[in-house]
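Okay, so here's the structure we're looking at.
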Protein chains: 2
Amino acid sequence: MAKYALPVGRVFHALGDPTRQAVVDRLSAGPVSVGELAVPFEMALPSFMKHIRQLELAGLITTSKVGRVRTCTLQPAAMAVAESWLARQREVWERRTDRLEHFVATSQPREPIA
Amino acid sequence: MAKYALPVGRVFHALGDPTRQAVVDRLSAGPVSVGELAVPFEMALPSFMKHIRQLELAGLITTSKVGRVRTCTLQPAAMAVAESWLARQREVWERRTDRLEHFVATSQPREPIA
DNA sequence: TGCATACTTAGCCATAAGGCTAAGTTATAT
DNA sequence: ATATAACTTAGCCTTATGGCTAAGTATGCA
């Protein structure tokens, strides 16, 4: 693993972990400090920080430090990219399916064409 | 890892690998046999099959065997679930941002309200 | 029947991922 | 000046992941 052709791969990989998914969920309600974010997770801080860094690398969040507090902010644009990728695949599939249905409906009509 | 609260976690994890993402991309164009699907990947068949099984477990594809050929079919519903999750998070974020903007715009007006 | 095709199963191996402790560093509070 | 808070860095450990080979099974073709 570890090599992603498209940046969207990084986003999916980042979201493919329950801790990180929960962090994103929490951040959708607004920016939160690392310390506060970490509370619900039964995990040492350094372990938690690794997840934060991965989310940042994937572009899903940005962080900035003021004093000794680092605050995390969701980056909805990254999610939009993933969303678009998924939507595009479904679209291709659905178009194809529609064409197929149209073909079936028109190639063997019950009544011969007048 | 390996425990997902929501099935959507499994979907993200499955898509978080370039091989599997490429397979999904290919399958959006229509069902393909395992053998054909495997061709573009420089990988032994057993390795490739593991990816297929993971995609199936995530619900992203279904497979069925006819004779000695197993054919893979995309399951757009699973993608829709992931899409919805992403859309929901963004929605929450955007609603909050809108409220915030509204607050800023109304609480300190430049001109006093007539 | 004999042989090739298309997976399957089993088992091994190296690296990546996720988690931990211990020991910093920097900023705030006393 | 100290102590505490909030991360950071370093390094170790275990399991999961992704890939391989070798051998097995079930089909289809000659």
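Residue numbers start from 1 in every chain, and the chains themselves are labelled A, B, ... in the order their sequence lines are given, proteins ahead of strands.
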Joint hydrophobic cluster, B/Val11 plus A/Val92, side-chain heavy atoms closer than 4.5 Å: no
Let me know the distance between CE of A/Met49 and P of D/dA10, rounded to the nearest Å. 13 Å
May I have all residue pairs that pass salt bridge (charged side-chain N to carboxylate O under 4.0 Å, His left out) and include part of residues 76-91 of chain A, sequence neighbours excluded? A/Glu83-B/Arg90, A/Arg90-A/Glu94, A/Arg90-B/Glu83, A/Glu91-A/Arg95
Hey, does the side chain of B/Arg20 come within less than 4.0 Å of D/dG18's phosphate (OP1/OP2), counting only N and O? yes
D/dT8 OP1/OP2 closer than 4.0 Å to side-chain N/O of A/Arg70: yes
Is it the case that one hydrophobic cluster holds both B/Leu55 and B/Val69, taking links as side-chain heavy atoms less than 4.5 Å apart, direct or via other members? no
Nucleic acid contacts of residues 54-62 of chain A, taken as heavy-atom distances under 4.0 Å to DNA chain C: A/Gln54
All heavy atoms of A/Ala14 vs all of A/Ala58, minimum pair found to be CB-CB, 3.7 Å
Side chain to side chain contact (heavy atoms under 4.5 Å, CB included) against A/Arg68, all qualifying residues, sequence neighbours excluded: none
Roughly how many Å is it from CZ in B/Arg53 to P in C/dA10, rounded to a whole number? 10 Å
In whole angstrom, give the distance that lies between atom CD1 of A/Ile52 and atom P of D/dT9. 14 Å
Among pairs that include at least one residue of residues 64-83 of chain B, which meet ring-ring contact (aromatic ring centres under 6.0 Å, His included), considering only residues two or more places apart or in two chains? none
By side chain to side chain donor-acceptor pair (under 3.5 Å), A/Arg70 pairs with (sequence neighbours left out) A/Thr63
Using heavy atoms and a sub-4.0 Å distance, could you list which residues of residues 27-36 of chain B are near DNA chain D? By number, please. none
Sugar-phosphate or base contact per nucleotide [nucleotides 20-30 of chain C; S, B, -; heavy atom under 4.0 Å]: BBB----BS--
Whole-Å distance separating the CG atom of B/Asp17 from the C1' atom of D/dT17: 9 Å
Looking at CG of A/Leu74 and CG of A/Leu60, how far apart are the two atoms once the value is rounded to the nearest 0.5 Å? 7.0 Å
I want to check something: taking the side chain as every heavy atom from C-beta on, are A/Val8 and B/Gln21 in contact at a cut-off of under 4.5 Å? yes
Reckon A/His13 has a side-chain N or O less than 4.0 Å from the OP1 or OP2 of C/dA16? no
Where do B/Thr62 and B/Gln75 come nearest, in terms of heavy atoms and distance? OG1-OE1, 3.0 Å
Atom pairs and distances, side-chain donor-acceptor, residues 25-46 of chain A, under 3.5 Å, sequence neighbours left out:
from, atom 1, to, atom 2, distance (Å)
A/Asp25, OD1, B/Gln89, NE2, 3.1
A/Ser28, OG, A/Asp25, O, 2.7
A/Ser28, OG, B/Gln89, NE2, 3.4
A/Ser33, OG, A/Glu36, N, 3.2

Just to confirm, is there a sub-4.0 Å distance from OP1 or OP2 of C/dG19 to any side-chain nitrogen or oxygen of A/His51? yes
